[in-house]
Amino acid sequence: MEYKFRDIEKKWQTKWIEEQVYKVSNQSAKPKYYVLDMFPYPSGAGLHVGHPLGYIASDIYARFKRLKGFNVLHPMGYDAFGLPAEQYALEHGIHPSVSTEQNIHNFRKQLDNIGFSFDWDREVRTSQPGYYKWTQWIFLQLFNSFFDRRNQRTAKIGSLIKIFENEGNKNYPSPGDTVLRFSEKDWVGFDEKQQQEILMNYRVAYCGYGEVNWCEALGTVLANDEVVNGVSERGGYPVVRKKLRQWYLRITEYADRLIEGLERIDFSEAMKEMQSNWIGKSYGAEIDFRLSPGSSPGPDGLVLKVYTTRPDTIFGSDFLVIAPEHELLQQITSVEQKAAVEGYIAHVKSRSERERIAEKKITGCFTGAFALHPFNQKQIPIWVSEYVLAGYGTGAIMAVPCGDERDFRFAKYFNIPITNIIGKYYNGEEANPTKDAILENSDFLNGMVMRDAIEVVISRLESLGVGSRKINYRMRDAAFSRQRYWGEPFPIVWKDAIAYPLDEKDLPLELPLIENYRPGPEGEGPLANVESWKARKLETNTMPGYAGSSWYFLRYMDPHNDREFCSREASDYWGQVDLYIGGTEHAVGHLLYSRMWTKALHDLGYISHDEPFKKLVNQGMIQGSSRLVYRVDFQGEENIHEKIKNTPLFISYPLIEKASALGSNETIIRKIKDIFHPGLVEFNGITFHPLHVDVNIVNGVELDIGAFKKWKPEYTNAFFILEDDGKYICDVEVEKMSKSKYNTVNPDDLINRYGADTFRMYEMFLGPVEQSKPWDTKGIEGVHRFLKKLWRLFYDEQKGKIWNNDKATDAELKVLHKTIKKIEEDTERFSFNTGVSSFMICVNELYDLKCHKREVLEKLLILLAPYAPHICEELNWHLQTSSETGQTSRERPSILSSTFPKAEEKYLIESLKNYPVAINGKTRTELKIALDATQQQVEEIVLTDLTVKKWLEGKQVKKLIYVSCKMINIVL
RNA sequence: GCGGGUGUGGCGAAAUUGGCAGACGCAUCAGACUUAGGAUCUGAAGCCGCGAGGCAUGGGGGUUCGAGUCCCUCCACCCGCACCA
């Protein structure tokens with residue numbers, strides 16, 4: 001009986017569905033465990049082998065936890081709103097809901113092939129009204145809330161209104177408008193519109209104005225990566241920054257909470273560091289620089305606020321720099337500099353933010369204005385440059401060239417004199433950002449260590465009323481609207497320029513069906529073209545992709561609830577996601593937004609935990625391993641015979657390597673002459689030109705020439721210059737997996753050839769889940785052979801059934817229990833690749849022992865079931881339904897619900913250890929010594945050993961190091 | 001420019017806590033069984049050297065009886081980004 005994986009896998013996949021073995025209940029006496037994969041976007045390209053890597057890892061872990069006695073929630077669904085479907089609709093006129101549906105269907109088929117243990121009854125799709133009703137509902141909660149800084153928590157906006165009525169905003173400064181001050185009397189006197197505008201500056205979800213990449217020619221807003229060199233990627237039309245009304249989430253208010261929460265979750269240090277760098281909390285001061293009277297056309301008394309983290313360097317400030325977008329720029333620019341500044345602004349405007357980041361060249365322009373140093377009233381020139389960003393701090397800096405690299409380069413470039421305040425710490429060649437120097441040229445700070453001077457300067461600024469302590473965050477509020485169609489509509493109605501929320505009972509506000517996906521007038525979303533929508537004064541923006549994905553992990557707990565987004569009972573039971581697996585690309589986007597939403601929902605009393613993900617594992621990227629063939633191009637073509645000119649000629653890669661090592665193409669040319677009739681060949685020289693070839697027609701690096709000829713019609717008559725053994729060898733390059741490079745591999749093909757169990761194990765065998773690595777199909781055979789070998793422990797091709805009920809020997813039990821222990825440890829620490837190796841070692845050893853005993857095999861199958869569920873269920877079924885047990889298939893329990901075996905130490909203990917014996921750190925021999933031997937006994941055994949003696953000849957032993965259980969080292 | 005990651009045989013990798021570098025597999029080679037082999041089994045193999053032995057974890061330096069692992073320094077490649085004052 002042979003291993004018929006196709007039949008076996010089909011059979012069990014069907015049976016598992018019939019028997020609903022993956023159905024999970026919210027009621028259980030068992031402890032809960034929640035395993036989640038990052039929400040996939042169902043793209044039209046389908047799955048390639050890189051996608052399921054994380055899903056397989058999480059599936060193994062979920063099945064493992066189930067065997068360990070947990071009630072495991074392991075759901076899957078789709079982040080179904082998104083730009084690609086809308087783009088596809090624009091190009092092909094197919095409604096996004098139709099193409100999305102189609103893509104999901106294909107996606108599901110591919111997933112099902114792999115044999116995952118998802119509870120599909122809990123599937124969610126963000127684009128379904130039943131789901132986005134609750135996305136809209138949560139948005140309304142955020143809209144109707146503010147962040148109470150005093151208690152560091154989200155609170156209802158109603159309580160803020162009460163506060164305003166009683167005491168104005170003196171204890172609750174507005175995060176959106178820092179200068180806004182009003183009393184309780186003022187508040188009552190404000191009209192509706194004024195009150196609403198004020199509240200908007202407090203709301204967690206609020207409306208404001210923001211700059212976007214606006215492309216007039218396309219009439220649409222572009223993402224940063226759709227803008228290249230200041231023009232649109234598609235079409236090459238000019239792109240400018242344009243202010244548009246946008247929705248935002250006030251995530252900046254949560255900055256401290258988000259930093260604090262990192263201490264309580266199990267993310268990698270790298271991931272935590274990326275998040276806290278992104279949040280970028282910095283301590284510093286805001287300092288007022290008064291404009292020098294008469295130096296600029298602006299009114300007297302104008303003040304330029306700068307933000308600095310190094311107030312101690314204030315006497316080293318040789319110039320100020322303001323952002324090109326800064327609101328004071330126009331006012332302060334002198335008449336003489338006006339034209340130059342305007343020219344510079346025009347230059348900056350044409351550049352995307354991305355380009356400004358990457359720019360290394362120094363640019364800038366003098367404004368003609370001067371400011372007064374707050375302490376010594378020195379005149380300081382004000383410059384404008386794109387390296388200062390309007391969105392951070394105050395949009396202006398005091399430049400200290402001796403201490404800051406960018407300021408230094410700027411000063412050098414524009415010949416601005418540099419003041420040295422740190423003495424010998426500054427060498428005139430480069431800036432030195434030290435805090436340890438003793439200050440010089442710094443007035444009242446002279447002689448002070450820089451790090452101590454920081455506080456001194458801040459107190460002095462505050463006492464003089466020209467500055468204040470200030471904590472800043474690098475993070476900005478999250479833009480929460482898109483001028484697109486395929487997203488959640490905002491439950492907002494505009495009346496008299498005031499945004500009013502829809503009533504909860506009117507949710508969901510359904511996305512209308514449209515046929516024209518073109519943007520609306522003035523860059524609004526396509527909804528602005530819908531008459532009925534406009535008539536109801538509904539918001540025409542839609543929500544961004546991360547809206548639906550910021551809370552989906554809660555919906556899985558209670559997916560069919562139409563009264564709540566998730567019942568408190570369900571969220572209390574399932575709580576945090578215990579294990580979250582996904583890529584690092586979501587490090588600062590999705591993972592921060594979901595953490596913020598969870599905190600808000602927690603503060604408002606809807607859930608009991610305030611961090612969504614307890615543990616995060618990042619899967620590495622699978623890169624493509626491309627195969628290249630080299631086509632020979634002839635030079636001096638006019639002399640070449642027609643026949644040759646039109647015949648594609650390919651040369652095996654090692655031949656090119658050899659030729660280039662020799663620096664001569666002579667051998668190759670001789671071979672070409674051998675192939676074609678010598679009389680037909682007449683050319684000046686040859687060059688080689690690489691072409692991507694489909695990796696699926698290359699076996700390792702050897703091209704399947706027959707398949708290649710069939711691959712494209714123009715290659716039917718191709719000629720090849722081969723290696724001496726008649727093979728065509730390809731070149732290899734590791735690059736991104738993509739259709740255009742012909743290096744994508746579809747899991748369906750591999751499953752068809754080797755089965756899902758082989759595929760699952762091979763993906764894991766490739767290397768650590770966290771690590772990025774190129775995909776190479778060669779090697780999958782080894783894993784397939786392993787499963788066949790496992791099968792042969794049960795069935796022999798000739799003899800049939802060979803497993804028996806004999807009592808296992810100690811040696812056999814040792815193999816088993818060693819494996820139990822190893823698999824348990826490896827699976828627990830997500831080291832699936834070494835887990836697979838351990839299974840191979842176990843089967844090899846049982847094979848050598850000729851062990852076909854049920855007592856051993858039965859437990860091995862349970863261990864292996866999370867990795868290769870189909871073959872284990874099948875073999876287990878054979879074991880359990882045999883005549884010996886008298887059980888029928890009806891009584892047979894699925895192996896998926898077995899209990900993970902316990903590793904028994906008694907089979908593992910050893911009394912002897914084979915010690916490596918090193919002399920001066922180099923291993924020279926091995927000695928078997930009792931584990932409980934004393935230092936003295938060991939010395940005696942070692943020093944009398946013949947091999948050791950040979951090495952010791954004539955030398956004095958200085959020391960003998962003996963580490964029990966590890967090794968022995970003799971120092972001479 | 002900033003931030004994060006990775007460098008070990010021909011290839012994917014292992015070495016969990018500073019203790020036998022290269023487990024397990026692919027490819028390769030030799031052999032067995034076979035009408036046949038792209039099935040299966042047995043064996044060899046890091047590199048240099050006939051050998052004794054020497055050299056090897058991106059390069060250089062250090063700590064240690066002992067370093068892939070710890071410290072310093074340099075290099076290469078990959079990923080992300082909002083020039084963050």
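By convention in this document, chain letters (A, B, ...) are assigned in the order of the sequence lines, proteins followed by strands, and residues within each chain are numbered from 1.
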Among [options], which nucleotide sits nearest the side chain of [X]?
X: V963(A); options: A82(B), G19(B), G25(B); value: G19(B)
X: F765(A); options: C81(B), G12(B), U42(B); value: G12(B)
X: E273(A); options: G4(B), A85(B), A23(B); value: G4(B)
X: S837(A); options: A23(B), U16(B), A85(B); value: A23(B)
X: E825(A); options: C24(B), C55(B), U16(B); value: U16(B)
X: V971(A); options: C65(B), U16(B), A85(B); value: C65(B)
X: M621(A); options: C79(B), A82(B), C20(B); value: C79(B)
X: A270(A); options: A23(B), A82(B), G5(B); value: G5(B)
X: V388(A); options: A82(B), A85(B), A23(B); value: A85(B)

Cation over ring face, K928(A) and Y915(A), 6.0 Å, 45°: no

Whole-Å gap separating [atom2] ([N]) and [atom1] ([X]):
X: K272(A); N: G4(B); atom1: NZ; atom2: P; answer: 15 Å
X: I287(A); N: A85(B); atom1: CD1; atom2: P; answer: 15 Å
X: E763(A); N: C26(B); atom1: CD; atom2: P; answer: 18 Å
X: M967(A); N: U17(B); atom1: CE; atom2: P; answer: 18 Å
X: H784(A); N: G12(B); atom1: NE2; atom2: P; answer: 24 Å
X: I780(A); N: G38(B); atom1: CD1; atom2: C1'; answer: 15 Å
X: E781(A); N: G37(B); atom1: CD; atom2: P; answer: 17 Å
X: Y762(A); N: A27(B); atom1: OH; atom2: P; answer: 10 Å

Would you mind classifying the nucleic acid contact of [X] as base, sugar-phosphate or nothing, using non-hydrogen atoms under 4.0 angstrom?
X: W791(A); value: nothing
X: P768(A); value: sugar-phosphate
X: N969(A); value: base
X: I961(A); value: base
X: K822(A); value: base
X: E926(A); value: base
X: S282(A); value: sugar-phosphate
X: K773(A); value: sugar-phosphate
X: R785(A); value: sugar-phosphate
X: M475(A); value: base

N/O (side chain, [X]) to phosphate O (OP1/OP2, [N]) under 4.0 Å:
X: N833(A); N: A14(B); result: yes
X: K788(A); N: U40(B); result: yes
X: R792(A); N: C41(B); result: yes
X: N844(A); N: G25(B); result: yes
X: Q771(A); N: A13(B); result: yes

Using the [atom1] atom on both, measure [N] against [M] and round to a whole Å.
N: G46(B); M: U57(B); atom1: C1'; result: 11 Å
N: U64(B); M: G59(B); atom1: P; result: 23 Å
N: G9(B); M: C24(B); atom1: C1'; result: 15 Å
N: C2(B); M: C84(B); atom1: P; result: 9 Å
N: C29(B); M: C47(B); atom1: P; result: 15 Å
N: A56(B); M: G68(B); atom1: P; result: 10 Å
N: A67(B); M: C20(B); atom1: P; result: 11 Å
N: A39(B); M: U28(B); atom1: P; result: 10 Å

With syn defined as a glycosidic torsion within 90 degrees of 0 and anti otherwise, which applies to G22(B)? anti

Does CZ belonging to R792(A) count more than 12 external heavy atoms closer than 6.0 Å?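 Buried by this count: over 12 neighbours within 6.0 Å.
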
Under a 3.5 Å distance rule, please check whether [X] uses its side chain to pair with a backbone N or O of [Y] as donor and acceptor.
X: N432(A); Y: C402(A); answer: no
X: T834(A); Y: S831(A); answer: yes
X: T394(A); Y: K305(A); answer: yes
X: R829(A); Y: E824(A); answer: no

Report the residue (K966(A) or L766(A)) whose heavy-atom-nearest nucleotide on RNA chain B is the more 5′ of the two. L766(A)

Between E269(A) and P916(A), name the one whose nearest nucleotide on RNA chain B is closer to the 5' end. E269(A)

Paired with [N] by Watson-Crick or G-U wobble geometry, both distances under 3.5 Å: which nucleotide is it?
N: U64(B); answer: none
N: C2(B); answer: G80(B)
N: A45(B); answer: none

Between H373(A) and F289(A), what is the ring plane arrangement, given parallel below 30°, perpendicular above 60°, and tilted in between? perpendicular

Any side-chain donor paired with an acceptor under 3.5 Å for E386(A) and Y344(A)? no

Any side-chain donor near an acceptor of the partner, S282(A) and Y307(A), under 3.5 Å: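 Looking only at side-chain atoms, Y307(A) and S282(A) do form a donor-acceptor pair, the distance falling under 3.5 Å.
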
